[in-house]
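One structure below.
In what follows, chains are A, B, ... by sequence order, proteins preceding strands, each numbered from 1.
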Amino acid sequence: MAGVDTKLVYFSWVRERVGKGEERIILPEEISTVMELLLWLKQRDESFAAALEFPEIIRVALDQEHAEHTDKIGTPREIAIFPPMTGG
Amino acid sequence: MAGVDTKLVYFSWVRERVGKGEERIILPEEISTVMELLLWLKQRDESFAAALEFPEIIRVALDQEHAEHTDKIGTPREIAIFPPMTGG
Amino acid sequence: MTSQCVTVRVQSEDFDQAVETALLTKGRTDIGAVATFSGLCRGEGETLTALELEHYPGMAESEIETVTNEAMKRWPIDGLTVIHRYGKILPGEQIVLVIATSKHRDAAFDGARYVMDFLKTNAPFWKKEHRADGDDSNWVDAREEDEQAKARWE
Amino acid sequence: MTSQCVTVRVQSEDFDQAVETALLTKGRTDIGAVATFSGLCRGEGETLTALELEHYPGMAESEIETVTNEAMKRWPIDGLTVIHRYGKILPGEQIVLVIATSKHRDAAFDGARYVMDFLKTNAPFWKKEHRADGDDSNWVDAREEDEQAKARWE
């Protein structure tokens, strides 16, 4: 988990606000849960602050499976961050 | 109501058991409700006895509208008698 | 096309679901949901060769219209088409079609199911079985589940 | 054809409901009920010129498969087809299709509606509006009703 090279992918207005569809990051050691990841990303820069202004509404998927904000992140290869879905 | 010339129509196995699809009858004066009609028809002959063996399950429509067994018959032009429906 | 359109047909001929759907949706951009039900004749493990549907002409149409009117009152439905066949119908063939269109899916789903539930128990149709063993005397029994299905809307 | 068949497709191309229905029903005499839902793009009184659907490739398919598997476990469904489009979709065009077939109508209706309810809130798709006034920046908000609709199955 800590210090692991991970792919982040963004969708919808989260993607637009952060200004990119994906990136690779090294997850800091101190990040354990999904919510901790969102709060850490939010303080990276203004774009992330805008995208993750209300982290409680943001959805996260770990290796393409929905995760709760309290879930441990573990060591996924891919973490997706996106707004509530509006398909169908 | 009483003594009125009325068309009776039969469907499904009621029609088969009474041996005809329709007939005209003079409704006897003493018949007031739908159930009274069924019980009167039942004692007409063996065919009606077989068709209306269990009058409580038989459905009746007065001028093409469903009627309850306790409903007054009134003076319909057409009375339909049939088993529970199995469409759809 | 008007904003509400109800079609009820009782016929011996088969119908084309795609044609009926297009009649309700073509050229319109205000419909978000189309819920469709079609009922088919089952062969019951090849014991049936056909169903023969008897109906009460006039009352069949008017009972279906009563049901569609009630559905249009209960839900914001834009279009509602109900077609019910009579006569001899072979296994695999279509018996009944209900299409409900609306802005949102709940009204379309509820409308279509409501019409089917009431049609089953209120519309004057009766099904007779033609059996593979040559016995053509059996009428399909009404199902208690169909009465219960109607009760859920009360 | 096997007795249970599930098809899930995520694609940009349009689909033909009649073709998909025939794939589930053709040559079969054991299916009594076909429940179909199609979701169309609404023009919202001509304020919209198109919807642009973004999706998460891979996860979109696997989330729909999770929902279809659950539906197959819950109800005696014979066939289940789900097709969801992505990309630019014009008002009046089709977005999503769900077809559920079964012996009886309750399983077909329940299965189709269950899949739609979960697909709405669980499948990773997002709709962006292209507006007639030139504003292409608005993403459709998730509806509280859709969360409630999912809750009714618990």
Side-chain angles (χ1 to χ4, degrees), chain A residues 5-25 34-35 37-38 41-42 46-88, chain D residues 8 10-11 37-42 51-67 82-87 89 94-98 112-129 136-147 149-150:
Chain A
D5 180 47
T6 308
K7 184 181 179 185
L8 293 190
V9 295
Y10 309 110
F11 292 99
S12 182
W13 50 257
V14 170
R15 173 180 53 71
E16 289 182 339
R17 290 180 195 175
V18 303
K20 54 194 158 195
E22 58 179 81
E23 65 179 315
R24 299 204 73 91
I25 62 159
V34 167
M35 184 52 101
L37 170 67
L38 292 175
L41 287 169
K42 185 179 175 182
E46 278 181 18
S47 303
F48 277 90
L52 306 178
E53 182 183 1
F54 303 106
E56 61 279 6
I57 67 162
I58 298 295
R59 309 296 176 96
V60 174
L62 305 175
D63 282 336
Q64 308 201 346
E65 295 210 4
H66 290 296
E68 300 294 324
H69 286 180
T70 51
D71 286 351
K72 298 281 182 203
I73 292 180
T75 55
R77 283 158 302 163
E78 184 172 292
I79 301 176
I81 299 172
F82 45 78
M85 292 145 283
T86 55
Chain D
V8 172
V10 174
Q11 62 188 43
F37 180 86
S38 61
L40 310 181
C41 175
R42 283 182 279 118
L51 284 177
E52 181 92 34
L53 271 101
E54 182 172 335
H55 78 298
Y56 185 177
M59 184 173 170
E61 289 86 346
S62 67
E63 277 299 314
I64 297 173
E65 280 160 16
T66 299
V67 176
V82 184
I83 303 175
H84 202 303
R85 291 177 67 195
Y86 60 85
I89 295 176
Q94 306 182 103
I95 298 172
V96 62
L97 175 71
V98 176
R113 193 163 189 173
Y114 177 90
V115 168
M116 274 308 300
D117 283 349
F118 277 79
L119 187 154
K120 278 261 174 193
T121 52
N122 287 17
F125 291 87
W126 301 271
K127 293 194 184 98
K128 190 176 198 180
E129 297 179 348
D136 291 345
S137 67
N138 191 61
W139 291 87
V140 172
D141 278 330
R143 297 168 70 232
E144 176 57 28
E145 295 93 316
D146 287 332
E147 279 296 330
K150 190 170 71 168

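Put simply, CG on D/D141 and CH2 on A/W13 are 9.0 Å apart, with the number rounded to the nearest 0.5 Å. Separating the OG1 atom in A/T86 from the NZ atom in D/K120 is a distance of 8.5 Å, to the nearest 0.5 Å.
Of the possible polar contacts, none joining the A/S12 side chain to the D/W126 backbone as a donor-acceptor pair under 3.5 Å is found. Proximity of a side-chain donor or acceptor of A/H66 to a complementary backbone N or O of D/N122 within less than 3.5 Å is detected.
Counted within 6.0 Å of CD on A/E56, heavy atoms from surrounding residues, nucleotides or ligands total more than 12; the atom is thus considered enclosed. Within 6.0 Å of the CZ atom in A/R77, the count of heavy atoms belonging to other residues, nucleotides or ligands does not exceed 12. With a 6.0 Å radius and a threshold of 12 heavy atoms from other residues, nucleotides or ligands, D/E145 has its CD atom above the threshold. At most 12 heavy atoms of other shown residues, nucleotides or ligands fall within 6.0 angstrom of atom CD in A/E68.
The part of D/K128 that comes within reach of chain A is its side chain, from C-beta onward, which places non-hydrogen atoms under 4.5 angstrom from that chain. For a residue to count as touching a neighbouring chain, one of its non-hydrogen atoms must lie under 4.5 Å from one of that chain's; by this rule D/S62 touches chain A with the side chain only. With a 4.5 Å cut-off on non-hydrogen atoms, D/E63 touches chain A through its side chain but not through its backbone.
Side-chain atoms of D/Y56 and A/V9, non-hydrogen and from C-beta on, do get closer than 4.5 Å to each other.
Scanning all heavy atoms of the two residues, the minimum distance from A/E16 to D/W139 falls at OE1-NE1, 2.8 Å. Nearest heavy atom pair, residue A/F11 against residue D/H55, reads CE2-O, 3.5 Å. The two residues A/M85 and D/A142 come nearest to each other via the heavy atoms O-CB, 4.0 Å. Summarising the geometry of D/E147 relative to A/R59, their closest heavy-atom pair is OE2-NH2, 3.9 Å, with the distance given to 0.1 Å.
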